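Contents: one structure, followed by commentary.
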Protein chains: 2
Amino acid sequence: MPLKPKSTEDVLQDNTCSAVEPPEKLEVLIGYHLRRASIHDLNGAVAALNDVNTRPVPASVLLTIVENPGVSSADICRMLGMQRANIVSILSELEGRGLFVRETDPADQRIQKLYPTRHGQEEAKTFMALLQAHEDTMLQRLSAAERQQLRMLLAKIWQDDGV
Amino acid sequence: MPLKPKSTEDVLQDNTCSAVEPPEKLEVLIGYHLRRASIHDLNGAVAALNDVNTRPVPASVLLTIVENPGVSSADICRMLGMQRANIVSILSELEGRGLFVRETDPADQRIQKLYPTRHGQEEAKTFMALLQAHEDTMLQRLSAAERQQLRMLLAKIWQDDGV
DNA sequence: TATTGTTATACTCTATAACTATA
DNA sequence: TATAGTTATAGAGTATAACAATA
């Protein structure tokens with residue numbers, strides 16, 4: 001019955017996996033597709049943010065500050081799953097561009113609370129618009145329902161990471 | 001009617017996005033979840049392969065050689081979406097471990113065809129088993145149907161990358 | 001003792017340019 | 001000229017250890 005040769009898609013959708021030939025194919029691994037898709041997205045996001053002189057990680061940090069006025073840098077690191085040591089240079093760059101200000105917490109002198117400036121809020125909105133435009137291109141083959149389900153499935157994978 | 005407070009999941013599933021408050025949340029971006037899920041997977045894959053002294057990229061390269069005996073290094077780079085320059089040290093390590101051999105193509109002296117050794121085939125099988133065990137853990141919250149659909153959705157995202 | 005912000009350092013992955021040899 | 005394999009180098013992201021100030 002199958003007149004056409006077995007395509008990659010056929011193989012992927014066949015998870016019965018006959019015992020004769022072990023599935024030694026990289027393409028059956030979801031982690032492989034996760035990585036390729038993530039790199040594809042990252043490249044697009046880098047290109048989208050290039051015009052406004054930022055990159056995905058700094059943009060995520062600014063968005064986190066705008067969404068959570070008064071967060072500390074340690075808070076951001078826990079939320080984004082990064083090391084405290086690695087946010088220092090990112091914050092100092094965003095601060096140098098006047099996108100947020102630091103205020104020492106009167107209740108705990110160790111903590112610097114971060115507040116977006118008006119300019120920071122506007123830039124965050126610009127970054128978000130550029131990222132969403134990039135996503136629309138990247139996900140053009142996916143219906144709205146598929147995008148929503150993809151987001152839900154991905155969230156299930158990493159939902160127990162620290163947070 | 002909604003007695004419970006709006007959870008993150010509710011927000012994510014609400015893509016109607018009222019005009020009052022712009023969706024300036026990082027969590028609506030699929031790219032963000034893609035990145036977090038991919039990092040989560042990568043960490044697990046690194047841990048899974050640690051006992052056999054390899055890492056995800058070298059493992060992928062060996063698997064590609066085993067799946068395609070006689071490929072060239074440039075072929076592998078095109079298939080995996082990596083730079084030719086970056087595969088050199090990986091190949092020299094795998095070769096040093098006796099996992100594959102190089103044979104200059106008699107028809108084109110520029111090309112080295114790569115063939116797995118018996119030991120390489122066995123190691124590839126081990127790598128694959130470890131990666132699949134890791135994926136089973138990572139995807140425990142997803143049904144078989146969800147895993148299959150996730151793989152399909154991810155493949156749609158990067159399917160036009162070079163290849 | 002634990003946490004915050006910070007410095008210094010190292011490793012992986014990725015990217016680019018340039019070389020050689022072959023075609 | 002175009003491609004294969006290689007070398008060298010640089011940048012981003014990530015990771016750990018250690019420190020001073022504060023709790």
Side-chain angles (χ1 to χ4, degrees), chain A residues 31-32 34-36 38-47 49-50 53-61 65 70-95 100-114 161-162, chain B residues 31-32 34-36 38-47 49-50 53-61 65 70-95 100-114 161-162:
Chain A
Y32 174 66
L34 216 35
R35 190 163 172 69
R36 295 299 301 262
S38 180
I39 291 172
H40 178 89
D41 168 69
L42 194 63
N43 289 338
V46 167
L49 295 172
N50 193 43
N53 286 309
T54 192
R55 297 180 47 82
V57 175
S60 305
V61 170
I65 296 174
V71 284
S72 67
S73 92
D75 286 336
I76 298 174
C77 289
R78 276 186 289 267
M79 286 190 260
L80 297 185
M82 54 191 297
Q83 303 297 316
R84 275 185 325 237
N86 297 328
I87 205 176
V88 176
S89 62
I90 292 168
L91 285 179
S92 102
E93 190 230 331
L94 294 174
E95 187 183 29
F100 77 92
V101 292
R102 313 189 196 218
E103 289 181 20
T104 299
D105 187 343
D108 186 340
Q109 303 263 104
R110 294 172 302 182
I111 297 176
Q112 296 175 354
K113 308 191 79 179
L114 312 183
D161 266 23
Chain B
Y32 173 65
L34 217 35
R35 192 165 171 65
R36 296 298 300 261
S38 179
I39 291 173
H40 177 89
D41 169 68
L42 193 63
N43 289 338
V46 167
L49 295 173
N50 194 43
N53 286 309
T54 193
R55 296 181 47 83
V57 176
S60 305
V61 170
I65 296 173
V71 285
S72 68
S73 95
D75 287 335
I76 298 174
C77 289
R78 276 186 288 267
M79 286 190 259
L80 298 185
M82 54 192 295
Q83 303 298 316
R84 270 173 315 168
N86 296 328
I87 205 176
V88 178
S89 61
I90 292 168
L91 285 180
S92 102
E93 190 230 331
L94 293 174
E95 188 183 29
F100 77 90
V101 293
R102 314 188 195 220
E103 289 181 20
T104 300
D105 187 342
D108 185 341
Q109 301 264 103
R110 294 173 302 181
I111 298 176
Q112 295 175 353
K113 308 191 79 180
L114 313 182
D161 268 22

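Note on naming: letters A, B, ... go to the chains in the order of the sequence lines (proteins, then strands), and numbering restarts at 1 for each one. Fair warning: this is a prediction, and the values are worked out from it, not measured in the lab.
The residue I39(B) sits close only to the backbone: its heavy atoms come under 4.0 Å of sugar-phosphate atoms, none of a base.
With rounding to whole Å, H40(A) atom NE2 is found 17 Å from dT14(C) atom C1'. Here the P atom of nucleotide dC11(C) and the CG atom of L42(B) are 18 Å apart, to the nearest Å. When rounded to the nearest whole Å, the span between CG of L80(B) and C1' of dC13(C) equals 14 Å. Regarding M82(B), its CE atom lies at a distance of 15 Å from the C1' atom of dT16(C), rounded to whole Å. Distance CD1 (I90(B)) to P (dT12(C)): 11 Å, rounded to an integer number of Å. Here dA20(D) presents its C1' atom at 16 Å from CD1 of I111(A), a figure rounded to the nearest Å. One atom, CG of D75(B), and another, P of dA4(D), lie 8 Å apart when rounded to the nearest Å. Rounded to an integer number of Å, the gap from CD1 of I87(B) to C1' of dT7(D) is 16 Å.
Heavy-atom distances to DNA chain C give each of N43(A) and Q112(A) a nearest nucleotide, and the one nearer the 5′ end belongs to Q112(A). Two residues, L91(A) and N86(B), neighbour DNA chain C, and the one matched to the more 5' nucleotide by heavy-atom proximity is L91(A). Mapped onto DNA chain D by nearest heavy atom, Q109(A) and D108(B) fall at different nucleotides, with D108(B) at the one closer to the 5' end.
The listed nucleotides are dG5(C), dA12(D), dT6(D); the one nearest the side chain of R55(A) is dA12(D). Checking dA17(C), dA23(D), dA17(D) against every side-chain atom of A85(B), the shortest atom distance belongs to dA17(C). Here the side chain of R102(B) is nearest to one of dA12(D), dT6(D), dT14(C), namely dT6(D).
For the atom pair I76(A) CD1 and I87(A) CD1, the distance stands at 4.5 Å (nearest 0.5 Å). One distance of note links CD1 of I90(A) with CE of M82(A); it measures 4.0 Å at 0.5 Å rounding.
Within the 4.0 Å cut-off from OP1 or OP2 of dT14(C), at least one side-chain nitrogen or oxygen of R35(A) is found. For dA15(C), the OP1/OP2 oxygens have a side-chain nitrogen or oxygen of Q83(B) closer than 4.0 Å. Distances shorter than 4.0 Å separate some side-chain N or O of S73(A) from OP1 or OP2 on dG5(C). Phosphate proximity of dT4(C) to R78(A): present, with a side-chain N or O under 4.0 Å from OP1 or OP2.
Side chain of D75(B) to main chain of S72(B): a donor-acceptor pair is present (N/O by atom type, distance under 3.5 Å, no hydrogens or angles).
In this structure, the side chains of E93(B) and N53(B) stay at 4.5 Å or more apart for every pair of heavy atoms.
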Between V46(B) and R55(B), is the side chain to side chain contact (heavy atoms under 4.5 Å, CB included) condition met? List the steps.
CA-CA 6 Å; V46(B) 167; R55(B) 296 181 47 83; 3.7 Å; yes

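Scanning atom types as modelled, no donor and acceptor separated by under 3.5 angstrom connect the side chain of R110(B) and the base of dA21(C).
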